Peer 1: 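Mind having a look at this structure? Questions to follow.
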Amino acid sequence: SRSPSDKQDWRVGRKNGGDRQEDAPRADRADDGGSAPGGDPGAEVDPDVSTKVIDGAPNRAGDPTWLAEIYVPRPAPMRPGTICVRGPLRFDKKVAEEDALRLAKGHKKGGYKEVQEVRNALRVEAR
């Protein structure tokens, strides 16, 4: 007897229809991942780009999962703002951190389009 709006959204840990992260001012966002996961001093990343590794939904056996997220500026014809691109679920947090680094390097190399290419390659590898 629950309505669909009462359904819990596993990705963000709150009910659907709540405040979206993109609507929050950038300074108020909690960003535990930083711009360069793993603290690699050689990874110079655009200040408008941020990456982090978040907890994913546990699998059927209850094993924890993680996934990489990267927030990149929207491309020119779209309205200003950021887009969140997520990698595949991983069973090892270090692999998710490597995914975040690859996504950031992809953005540095070719912008949003390259981030999409890297994400698609990660999905194929994760199968």
Side-chain angles (χ1 to χ4, degrees):
S1 69
R2 284 181 162 209
S3 69
S5 64
D6 289 339
K7 191 173 185 182
Q8 191 77 8
D9 187 352
W10 64 270
R11 293 171 295 183
V12 289
R14 59 174 140 52
K15 293 184 181 198
N16 289 338
D19 293 335
R20 294 191 52 158
Q21 189 171 15
E22 288 85 342
D23 297 340
R26 192 158 185 103
D28 292 346
R29 289 187 190 166
D31 187 6
D32 55 348
S35 294
D40 182 7
E44 297 170 14
V45 180
D46 186 342
D48 292 336
V49 175
S50 67
T51 60
K52 61 183 171 179
V53 173
I54 62 168
D55 294 336
N59 70 355
R60 291 182 188 183
D63 299 328
T65 59
W66 293 270
L67 63 149
E69 276 187 345
I70 183 169
Y71 292 90
V72 296
R74 280 198 182 106
M78 297 181 182
R79 63 186 168 90
T82 57
I83 296 176
C84 174
V85 179
R86 291 184 169 147
L89 289 175
R90 301 294 194 171
F91 294 105
D92 185 0
K93 192 170 186 176
K94 291 219 183 290
V95 176
E97 289 169 356
E98 291 168 8
D99 290 351
L101 208 51
R102 285 178 63 184
L103 289 165
K105 286 180 182 175
H107 183 269
K108 187 175 180 181
K109 179 181 171 189
Y112 176 63
K113 198 128 185 120
E114 185 67 22
V115 170
Q116 289 178 310
E117 296 290 327
V118 171
R119 185 222 26 227
N120 292 341
L122 291 172
R123 285 182 176 172
V124 169
E125 291 171 19
R127 287 187 194 160

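Positions are given from 1, in the same order as the sequence printed here. Keep in mind that this is a model prediction, so the values were computed, not measured.
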Peer 1: Hydrophobic clustering (ILVMFWY, side-chain heavy atoms < 4.5 Å, transitive) - are Val95 and Val115 grouped together?
Peer 2: no
Peer 1: Could you work out, with side chain to side chain contact (heavy atoms under 4.5 Å, CB included) as the rule, every residue matching Pro64, not counting sequence neighbours?
Peer 2: Trp66
Peer 1: Show the nearest heavy-atom pair for residues Gly106 and Val118, with the distance to one decimal.
Peer 2: CA-CG2, 4.1 Å
Peer 1: Would you check if the side chain of Thr65 reaches a backbone N or O of Ala57 as a donor-acceptor pair within less than 3.5 Å?
Peer 2: yes
Peer 1: Quick one: list whatever passes side chain to side chain contact (heavy atoms under 4.5 Å, CB included) with Ala61, sequence neighbours left out.
Peer 2: Asn59, Asp63
Peer 1: For Pro75 and Ile83, which heavy atoms make the closest approach, and how far apart are they?
Peer 2: CD-CD1, 4.0 Å
Peer 1: Quick one: closest heavy-atom pair of Leu103 and Ala68, and the distance?
Peer 2: CD1-CB, 4.2 Å
Peer 1: As an exercise, state the distance from CG of Asp99 to CD of Glu125, rounded to the nearest 0.5 Å.
Peer 2: 8.0 Å
Peer 1: Please report the shortest heavy-atom distance between Leu67 and Pro88, naming the atom on each side.
Peer 2: CB-O, 3.7 Å
Peer 1: Measure the spacing between CG of Asp48 and NE2 of His107 and express it to the nearest 0.5 Å.
Peer 2: 8.0 Å
Peer 1: Indicate, with yes or no, if Leu89 and Val124 share a hydrophobic cluster defined by side-chain heavy-atom contacts under 4.5 Å among Ile, Leu, Val, Met, Phe, Trp and Tyr.
Peer 2: no
Peer 1: Nearest 0.5 Å please: distance from the CZ atom of Arg86 over to the CD atom of Glu69.
Peer 2: 4.5 Å
Peer 1: Out of Lys93, Glu98, Lys94, which residue meets the side chain to side chain contact (heavy atoms under 4.5 Å, CB included) rule with Val53?
Peer 2: Lys93
Peer 1: Tell me the side-chain hydrogen bond (donor to acceptor under 3.5 Å, both in side chains) pairs involving residues 109-120, sequence neighbours left out?
Peer 2: Tyr112-Gln116
